[in-house]
Amino acid sequence: LSRKKGLVSLAVKSLKTLGVEERRILGQQLNQLKNQVENSLSGRKSTLLEQEQKGKFETEGVDVTLPGHAFPSAGIHPLRRVWREMEEISVRMGFTIVSGPEIESDYYNFEALNIPKGHPARDDQDTLFLSDNLLLRTHTSPVQIRTMEKQKPPIRIVVPGRVYRRDAVDATHTPMFHQVEGLVVGEEISLADMKGTLQVFLRALFSHDTRVRLRPSYFPFVEPGAELDISCIFCSGRGCRVCKNSGWIEILGAGMVHPRIFERVGYDPNRYTGFAWGMGIDRIALLKYQVNDLRLFFENDIRFIRQF
Ligand code: PHE
């Protein structure tokens, strides 16, 4: 079809040498032929384009029906959440957050806290010993001693940390768990200050209408010692399955610092008084989030952690 050398074009040019009638017939036929060639060329072109397009879809195409690549995200671990919340409340109340070693000496974990060798209180805390003298701390109370050795009163500290006991693992026991210790020392600090402080703290942690009550108890490093119950956070004290129909839930151990402890760290027990408490973070997380098995906190199943 090309204008200069195409066969059809040449034939069209030679038409003028023919007679009128012949020219008319051949002219028509040449036109038809030209149309035919043009049609089949453009038909072929679009088939080729279509094929090219299809090939691209197959090799470069995106299947929008395939599942996407999910970015794995978890959440703040429930234990860390409670830990931080307790720290925040304590700081608002004027406490300083301190920490101490998880590997302790017998002295700080026991002796200095009025728990000499052979004392029955040692049996309550199945200790993981590393050597005759070194152990994994069974509570955060040794940090009371370490702090008082270094600082003079007034003292207002809170100590969150890991503690260890040789317990068999079940729904309510793990060999490592978490405690928060509190210690206040100053002049004219009373048991009423202890109850008021803990009430403010626990109301911030649980609910503004949480009630507290003290029951006499025994810890060698406090006198008097107490256990503190809060009104059940699920039934507000009416009685339910969680509080075993008592309306109360035991939440921590506390008491006035024993004068012998003050003597040991060089404080004048006639001048200074104070109170201390210790509570379990894990147990509180169980309660707050209504989890029924402590082991879930330590398995790190992302489906569990993602819920918090
Ligand atoms: N250390 C005690 C325990 O682990 C708790 C406690 C702390 C009790 C401070 C009284 C005062 O059982």
Side-chain angles (χ1 to χ4, degrees), residues 83 86 90 95 97-102 104-116 119-128 135-148 155-167 172-186 189-199 201-202 205 212-230 249-262 264-265 267 269 272-284 294:
W83 174 309
M86 288 180 169
S90 309
F95 286 87
I97 313 293
V98 302
S99 61
E102 290 172 28
E104 262 303 1
S105 65
D106 190 280
Y107 178 77
Y108 285 108
N109 198 81
F110 292 125
E111 289 287 336
L113 291 162
N114 285 344
I115 316 173
H119 193 289
R122 286 202 181 207
D123 307 333
D124 300 341
Q125 309 192 345
D126 291 302
T127 310
L128 288 155
L135 48 84
L136 293 174
R137 66 178 177 190
T138 58
H139 51 178
T140 41
S141 300
V143 189
Q144 288 188 34
I145 307 296
R146 288 183 175 277
T147 305
M148 288 190 281
I155 286 191
R156 269 187 297 192
I157 58 156
V158 156
V159 190
R162 294 195 186 97
V163 299
Y164 302 82
R165 290 186 199 177
R166 198 167 49 88
D167 278 322
T172 54
H173 294 87
T174 50
M176 187 277 285
F177 57 102
H178 305 83
Q179 282 189 338
V180 172
E181 191 86 6
L183 175 68
V184 173
V185 183
I189 303 282
S190 70
L191 191 75
D193 293 319
M194 178 179 99
K195 191 175 179 186
T197 302
L198 290 172
Q199 183 177 67
F201 179 87
L202 293 165
L205 188 63
V212 303
R213 76 173 182 190
L214 294 171
R215 272 180 297 106
S217 185
Y218 173 73
F219 302 96
F221 37 95
V222 288
E223 181 57 35
E227 266 163 349
L228 186 145
D229 301 334
I230 56 168
I249 298 177
E250 186 200 319
I251 216 84
L252 58 85
M256 301 304 290
V257 180
H258 199 293
R260 289 246 295 275
I261 306 284
F262 284 150
R264 202 168 278 123
V265 298
Y267 286 6
Y272 295 114
T273 50
F275 60 88
W277 74 91
M279 67 185 130
I281 295 180
D282 315 66
R283 227 179 87 73
I284 287 172
L294 207 51

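Please read all numbers here as calculations on a predicted model, not as lab measurements. As the structure lists them, so they are numbered: ligands from 1, and atoms in each ligand from 1.
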Note: heavy atom closest to atom 11 (C) of ligand 1, options Phe275, Phe221, Phe219, belongs to Phe221
Check the pair Phe201, Met86 against side-chain contact (heavy atoms from CB on, under 4.5 Å), reporting the backbone distance first and the verdict last. CA-CA 8 Å; Phe201 179 87; Met86 288 180 169; 3.8 Å; yes
Does the cation-pi check pass for Arg165 over Phe177, that is, NZ or CZ under 6.0 Å from the six-membered ring centre and within 45° of its axis? no
Counting heavy atoms not belonging to Arg215, are there more than 12 under 6.0 Å from its CZ? yes
Ligand 1 contact by Arg165, heavy-atom criterion under 4.0 angstrom: yes
Please report whether ligand 1 has a polar contact with His139, defined as an N or O pair separated by less than 3.5 Å (distance criterion only). yes
Donor-acceptor pair, side chain of Glu227 and main chain of Ser217, under 3.5 angstrom: no
Check whether any heavy atom of Gln179 sits under 4.0 Å from an atom of ligand 1. yes
Please work out whether any backbone atom (N, CA, C, O) or any side-chain heavy atom from C-beta onward of Glu227 is under 4.0 Å from ligand 1, and answer side chain, backbone, both or neither. neither
May I ask you to decide whether Glu250 forms a salt bridge with Arg283, counting only side-chain N to carboxylate O separations under 4.0 Å? no
Please list, in number order, the atoms of ligand 1 under 4.0 Å from a heavy atom of Gly278. 6 (C), 7 (C), 9 (C)
Is there a polar contact, in the sense of an N or O pair closer than 3.5 Å, between Ser141 and ligand 1? yes
Has Arg156 got a side-chain atom pairing as donor or acceptor with Gly182's backbone, closer than 3.5 angstrom? no
